[in-house]
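Everything below concerns the one structure shown next.
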Amino acid sequence: MKDALRSRLTDILRELHYPSVDISFERPKVEAHGDLTTNVAMMLAKPVGKNPRQVAQSIVDKLDPSAFRLSKVEIAGPGFINFTFDGASVVERAKEILVRGAAFGRTEAGKGRKTNVEWVSANPTGPLHSGHGRQVVLGKAVASLLEWTGHDVTKEYYFNNAGNQMRTLGESIYARYRQQLGDDYPLAENAYQGEYIVDIAREIVQANGETLRETDDERSFFRKYGEEWCFKRIKETLTRLGVRHDVFYNEDSLYASGKITEVIDEFRKRDLAYDSEGAVWFRATRFGADKDRVIVKGTGEPTYRLPDIAYHREKFRRGFDLIVDIFGADHIATIPDVLNGVQALGYETKDVKVIIHQMVSFVNGDEVVKMSKRNANVYTLDDLINEVGVDAVLYFFVMRSAGTHLEFDIALAKEQSDKNPVYYLQYAHARIASILRHAVQSGVPAADAAALAATTDFSLIGAKEELDLLKKLLEFPETVESCALSFEPHRLTTYLREVAESFHRFYHEHRVINDDPKLMQARLAVCTMAKTVIANGCTILGVSCPEKM
RNA sequence: GCACUCGUAGCUCAAUUGGAUAGAGCGUUGGCCUCCGAAGCCAAAGGUUUCGGGUUCAAGUCCCGACGAGUGUACCA
């Protein structure tokens, strides 16, 4: 419908001998401005040499509103052309919601583009802490949106079980192990302080007694044990949030397969790497950086940059044509290095989308919750889930745009009341479910959505609140698409809140269960549509939508 | 110091990516249940979008500067 209108407008521009311009529509925020608006007249005013309202008038004169099922076309403000849909056409289009059901909202905008989304990627040195929650949830929502828009998505977790951090982990566990055995053994300055290290050590004592007191310098057993323990914890936490990665990519495999040295060689060949002060440097300044970067330390070990670059190249080699990375703001420094490296190796950085999310602070009502890493009792993501529930975690972490700092109010999140935005949405769904149950109890035969679409007399739908709701529901596919293409899942939560609001208004004004069987069926169909959209939206986010609450 | 991100109602945040009268929730004030779920609805109050310039038909949004906040600025990841 939009496309038909666009094509007619394009023709009109040609007939009027106006320059051809891209015709875009927007959805006015003010209700009085109709359902769609275009600014073409304003774009053309200058080249045509007329004032925008005159240009608009000349276009409108040539348009037949009834051909596009428009009840109104008017020129307003500085030169906008506003279109209002005929109510019957809205109702007509809304049938699609019933027909497509759980698939309503899915599109093919991504055209099967092979996409890699990498996120979480925490090294297995401890359980995920509450701050990780934002990353976990954001990545899940982004991946899900990309799937809904027809991308071929691989969900990936990148980790390193070989570096310094793992050495520290092994050392920390060993120290706690010795302490458990009653030995006076010091915990190193840089050791992991968390209580979970003591738990791990205790487990080891229980299983092995003191047989491991003498161990190799690498603390191999402790390292391995710790890695497995931590990874198990991490994966359990992810599972609770409905996150399942397709690939766990081990940084170590890049060394084993020679991909690291390959990058160094290639850099040298292109004069992008050189030796100095016993280290190997990358000429980052060639790409606008303030100084060159070390990629291999004096000790012979690469810095984190080198494997990161090699890893991204491998993603390209594996055939991905869209690479999405999700990083916290604390890792922002790595991004230019990776992008520069990728570019140096001849790949397009525009195919790498880096989503950076700002940090999270936690409050409990008025009280600021301190989450210092030094604190032995870290507030883990599991603790947070236990406290506020899965749905609140999924919703709260994604309801703000990634670019702004997020304040997570624990007291609000666990409050089971109208103050809590998750409940507002879930309540709407449960309310609809309740109405549908009620209808069945009052003797209305339960009809599935397809039957409703086929047998309902939709001409009975036409009240303002009904049309407003249906129009809002019909926005769902384009909302999903636009959230996906802009990588901004928070806008989905905004939209879903509006849907719920629109439903509640409809509900308040119109009785669904009533004496007129045909009218009742029509309104039950509207309810089913609203339920479908809310459910589909919640599915994208992973939030549950209960039939009762 | 430098780089990146941000600055919108008392608080937490939106704003269709440059569009018309800047909107929600919480909080405050006042209405609405003999009726399908009041975890709901309606209404009121609350703003020089941190400040100052610029770009254009149009700026919260883009550019420059100032101020303020966060995060980085390693041969840690």
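Per chain, numbering begins at 1; letters A, B, ... match sequence-line order.
Checked by distance alone, A/Tyr423 brings no side-chain donor or acceptor within 3.5 Å of a matching partner on the base of B/rA39. Scanning atom types as modelled, one donor and one acceptor separated by under 3.5 angstrom connect the side chain of A/Thr37 and the base of B/rA20.
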How far apart are the C-alpha atoms of A/Phe362 and A/Phe396, what are their side-chain angles, what is the distance that settles it, and do they pass the ring-ring contact (aromatic ring centres under 6.0 Å, His included) test?
CA-CA 11 Å; A/Phe362 290 87; A/Phe396 272 61; over 10 Å; no
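Within the 6.0 Å centre-distance limit, the rings of A/His245 and A/Phe248 are counted as a close aromatic pair.
Residue A/Arg505 is in sugar-phosphate contact alone, with no base atom involved, counting any heavy-atom pair closer than 4.0 Å across all strands shown. Residue A/Asp292 is out of contact with every strand shown, counting any heavy-atom pair closer than 4.0 Å. Across all strands, A/Gln441 comes closer than 4.0 Å to no nucleic acid atom at all (heavy-atom distances). Residue A/Arg497 is in sugar-phosphate contact alone, with no base atom involved, counting any heavy-atom pair closer than 4.0 Å across all strands shown. Among the heavy atoms of the strands lying under 4.0 Å from A/Ala430 is at least one base atom, whether or not backbone atoms are also near. If you check every strand for non-hydrogen atoms under 4.0 Å, A/His357 touches nothing. Backbone-only engagement by A/Tyr424 is indicated by non-hydrogen atom pairs under 4.0 Å involving sugar-phosphate atoms exclusively. In this structure, A/Gly298 reaches the bases: a heavy-atom distance under 4.0 Å links it to at least one base atom across the strands shown. Within 4.0 Å of A/Ala76, counting heavy atoms only, lies at least one base atom of the nucleic acid. Across all strands, A/Ser486 comes closer than 4.0 Å to base atoms (heavy-atom distances). Among the protein residues, A/Lys50 comes within range of no part of the nucleic acid, since none of its heavy atoms lies under 4.0 Å from any strand. A/Thr303 comes within contact range of the sugar-phosphate backbone alone, with a heavy-atom separation under 4.0 Å but no base atom that close. Here A/Lys46 lies in heavy-atom contact (under 4.0 Å) with sugar-phosphate atoms only. A/Met549 comes within 4.0 angstrom of a base, heavy atoms only.
To the nearest angstrom, C1' of B/rU5 lies 15 Å from CG of A/Leu406. Between the CD atom of A/Gln54 and the C1' atom of B/rC57 there is a distance of 14 Å, given to the nearest Å. One interatomic measurement links the two molecules: CD of A/Glu301 to P of B/rC76, which rounds to 8 Å at whole-angstrom precision. Atom OH in A/Tyr495 sits roughly 16 Å away from atom C1' in B/rA14 (whole-Å rounding). Distance A/Tyr158 OH to B/rA77 C1': 10 Å, rounded to the nearest Å. A straight line from NE2 of A/His331 to C1' of B/rC76 spans 10 Å, rounded to a whole angstrom. Atom CD in A/Glu509 sits about 14 Å away from atom P in B/rC33, given to the nearest Å. Distance CD (A/Gln165) to C1' (B/rA77): 5 Å, rounded to an integer number of Å.
In a base pair of the Watson-Crick type (N1 to N3 plus N6-O4 or O6-N4) or a G-U wobble (N1-O2 and O6-N3), with each distance short of 3.5 Å, B/rC4 is matched with B/rG70. With both pairing distances under 3.5 Å, B/rU48 is matched to nothing as a Watson-Crick or G-U wobble pair. For B/rC32, the paired nucleotide is B/rG40, the pair qualifying as Watson-Crick or G-U wobble because both relevant distances are below 3.5 Å. The partner of B/rU12, taking Watson-Crick or G-U wobble pairs whose two distances both stay under 3.5 Å, is B/rA24. Judged by Watson-Crick or G-U wobble contacts below 3.5 Å, the nucleotide B/rC62 has B/rG54 as its partner.
One finds a side-chain N or O of A/Lys297 lying less than 4.0 angstrom from the OP1 or OP2 phosphate oxygen of B/rC76. When the side-chain nitrogen and oxygen atoms of A/His490 are compared with OP1 and OP2 of B/rA15, one or more of them lie within a distance under 4.0 Å. At least one side-chain nitrogen or oxygen of A/Tyr507 sits closer than 4.0 Å to the OP1 or OP2 atom of B/rA38. Close to B/rA14, at under 4.0 Å from its OP1 or OP2, lies a side-chain N or O of A/Thr404.
Judged by the 6.0 Å distance and 45° axis criteria, A/Arg431 is not positioned over the aromatic ring of A/Phe503.
Ion pair A/Arg27/A/Asp35 not flagged as a salt bridge, since none of the NZ, NE, NH1 or NH2 atoms sits closer than 4.0 Å to an Asp/Glu carboxylate oxygen.
Residues A/His510 and A/Glu465 have side chains that bring a donor and an acceptor to within less than 3.5 angstrom of each other. A donor-acceptor contact closer than 3.5 angstrom is absent between the side chains of A/Ser502 and A/Asp468. Side chain to side chain, A/Tyr18 and A/Ser58 meet the donor-acceptor criterion of an N or O pair below 3.5 Å. With 3.5 Å as the limit, one finds no donor-acceptor pair spanning the side chains of A/Asn420 and A/Glu415.
The side chain of A/Gln358 sits closest to B/rG70 out of B/rG19, B/rG70, B/rG37. Of the candidate nucleotides B/rA74, B/rC13, B/rC75, B/rC13 has the atom lying nearest to any side-chain atom of A/Arg400. Nearest nucleotide to the side chain of A/Glu277, out of B/rU71, B/rU5, B/rC75: B/rC75.
In terms of position on RNA chain B, the residue among A/Ile332 and A/Arg293 whose nearest nucleotide sits closer to the 5' end is A/Ile332. Toward the 5' end of RNA chain B, the nearer of the two residues A/Gly403 and A/Ala333, judged by each one's closest nucleotide, is A/Gly403.
By the 5.5 Å and 30° criteria, A/His33 is stacked with the base of B/rA20. Where stacking is scored as ring centres under 5.5 Å apart with planes under 30°, A/Phe80 registers as stacked on the base of B/rA20.
Glycosidic conformation at B/rC33 (O4'-C1'-N9-C4 for purines, O4'-C1'-N1-C2 for pyrimidines): syn, within 90° of 0.
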